[in-house]
Amino acid sequence: MGRLKDEVFFQTLNDYFNHYLPVQRCASIHTIKAYRSAIHKLLEYILKKKNIKLNEVGFEDLDYETVDSYLENIVKEQGLSQKTRNHRLNSILSFLSYAADMTPEYMIYHSNISKIPKQKVESKAVEYMSEKVVHTLINQADTKTKKGIRNQFIMILMYDTGARIQEIINLKVCDIKLGKTPTVMLFGKGNKTRVVPIMEYTVSHYLNYLQIYHKDENEYSKKPLFYTKRKNIIQAMSDDNIRKFLNQYADSARKICPEVPEKIHPHLFRHSRAMHLYQHGMDLTLISQWLGHSNLETTLIYAHADTDQKRRAIEKSMGKNIIGEIDIPKYIIDDEDILKKLYGLI
């Protein structure tokens, strides 16, 4: 078979990303972005490996040997995880499946790549910070400055809600509702939304933050809750901004609290909140709803991690409480309003 018309390949790509994923599959912008990135990186690899130009790429360039060597390259040369490798493979297969549905003779390409085995991914122990570490990190922000107040509130909100970093970035002013039971509306994976209650402690920091960054906005404002301003243009804050100040605070916090991890990332706040809620008696079903997990099995990692931690503590026979008394407020698990909210009753 000779080289297929290149425009067919790129027209199929265009239809896949601009019509099939967003319209027919109703995929979220984050899913589309991840799939687009996977295909883009594969194409970059093909151009380099085969020494061809982008407009010369066709379906036949996505052969078994090329895709398999690409996947091996991202693990062995780039140091990415097997989980990332499997995700890239799934992204490629998804595109080829669409191409085969549109044009049956392209089924051969999907069939060939389907023969590439997925790698077994070993489950890692969940990483989380103690309450002492969370407290120390939050207190590293210089609240005498505007940025310090903003950064501290971001950390408090990430911890209190257990939200993913993208969910925090996507927040608008109108997504936080005050009242008898203050809540945050989070927009998670797959365009799923969930309402999470927040504590009065968080509300007080929120009100202080509003006075500085949204003084002229009302509660219905659709402006990004966290933003950066360049040349008078307001844009939602990027996750890079948050990762940067987290690592800066981690460096200073480590001098006070040696147990601060070497690498701090936003997801640690999510894991830590879930672990602390579990350790303080919250049912796993509620934690699963709190975090927006699709199934309860995902949430079981916190039960396993807590059991393992207790086992190690017994083995060491230390009998020492390293957390101590700190001033991060805790939920009262039998609070009826919170339980009703999480169960969807109010």
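All residue numbers in this chain count up from 1 along the given sequence.
- The two residues Gln140 and Ser252 make their nearest non-hydrogen contact at OE1-OG, 2.9 Å.
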Walk me through it: do Tyr159 and Phe269 pass the test ring-ring contact (aromatic ring centres under 6.0 Å, His included)?
CA-CA 5 Å; Tyr159 177 72; Phe269 284 82; 7.1 Å; no
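- In this view, Lys76 and Glu72 satisfy the side-chain hydrogen bond (donor to acceptor under 3.5 Å, both in side chains) rule, not counting sequence neighbours.
- Crowding of Gln78 atom CD: a count of heavy atoms from other residues, nucleotides or ligands under 6.0 Å exceeding 12.
- Comment: Glu167 engages Arg164 in a salt bridge, judged by a side-chain N to carboxylate O separation of less than 4.0 angstrom.
- Judged by the 6.0 Å and 45° rule, Lys147 forms no cation-pi pair with Phe245.
- The aromatic rings of Tyr45 and Tyr70 sit tilted relative to each other, their planes meeting at an angle between 30° and 60°.
- Using the six-membered ring where Trp is involved, Phe95 and Tyr16 have ring planes that are perpendicular, over 60° apart on the 30 and 60° scheme.
- A side-chain donor-acceptor contact under 3.5 Å links Asn151 and Tyr249.
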As a quick check of understanding, evaluate side-chain hydrogen bond (donor to acceptor under 3.5 Å, both in side chains) for Thr84 and Ser81, giving each step before the final call.
CA-CA 5 Å; Thr84 299; Ser81 68; 3.1 Å; yes
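- Distance check, rounded to the nearest 0.5 Å: NZ of Lys229 to CE of Met237 gives 13.5 Å.
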May I have the step-by-step check of side-chain contact (heavy atoms from CB on, under 4.5 Å) for Thr202 and Phe153, ending in yes or no?
CA-CA 8 Å; Thr202 304; Phe153 175 56; 4.1 Å; yes
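- With no hydrogens or angles considered, a side-chain donor-acceptor pair links Ser37 and Lys41 at under 3.5 Å.
- No side-chain donor-acceptor contact under 3.5 Å links Thr12 and Tyr106.
- One distance of note links NE2 of His205 with CD1 of Ile149; it measures 10.0 Å at 0.5 Å rounding.
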With ring-ring contact (aromatic ring centres under 6.0 Å, His included) as the test, would you mind laying out the steps for Tyr20 and Tyr35 before giving the verdict?
CA-CA 12 Å; Tyr20 173 69; Tyr35 280 25; 9.6 Å; no
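- Between Lys244 and Asp240, none of the side-chain N atoms (NZ, or NE/NH1/NH2) sits under 4.0 Å from a carboxylate O, so this pair counts as no salt bridge.
- The 12-atom threshold is not exceeded at CG of Asn51, counting heavy atoms of other residues, nucleotides or ligands nearer than 6.0 Å.
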Verdict with supporting geometry, Tyr213 and Phe226, side-chain contact (heavy atoms from CB on, under 4.5 Å)
CA-CA 8 Å; Tyr213 284 88; Phe226 301 113; over 6 Å; no
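- Here the rule is side-chain contact (heavy atoms from CB on, under 4.5 Å) with Thr183, and of Leu178, Val195, Ile198 only Val195 fits it.
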Can you list the steps and then say if Leu171 with Leu186 is a side-chain contact (heavy atoms from CB on, under 4.5 Å)?
CA-CA 7 Å; Leu171 283 175; Leu186 297 173; 4.0 Å; yes
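- Comment: Glu127 does not engage Arg270 in a salt bridge, judged by the lack of any side-chain N to carboxylate O separation of less than 4.0 angstrom.
- Counting heavy atoms of neighbouring residues, nucleotides and ligands inside a 6.0 Å radius, atom NZ of Lys50 exceeds 12 of them.
- Annotation: His40, atom NE2; neighbour count of heavy atoms from other residues, nucleotides and ligands within 6.0 Å does not exceed 12.
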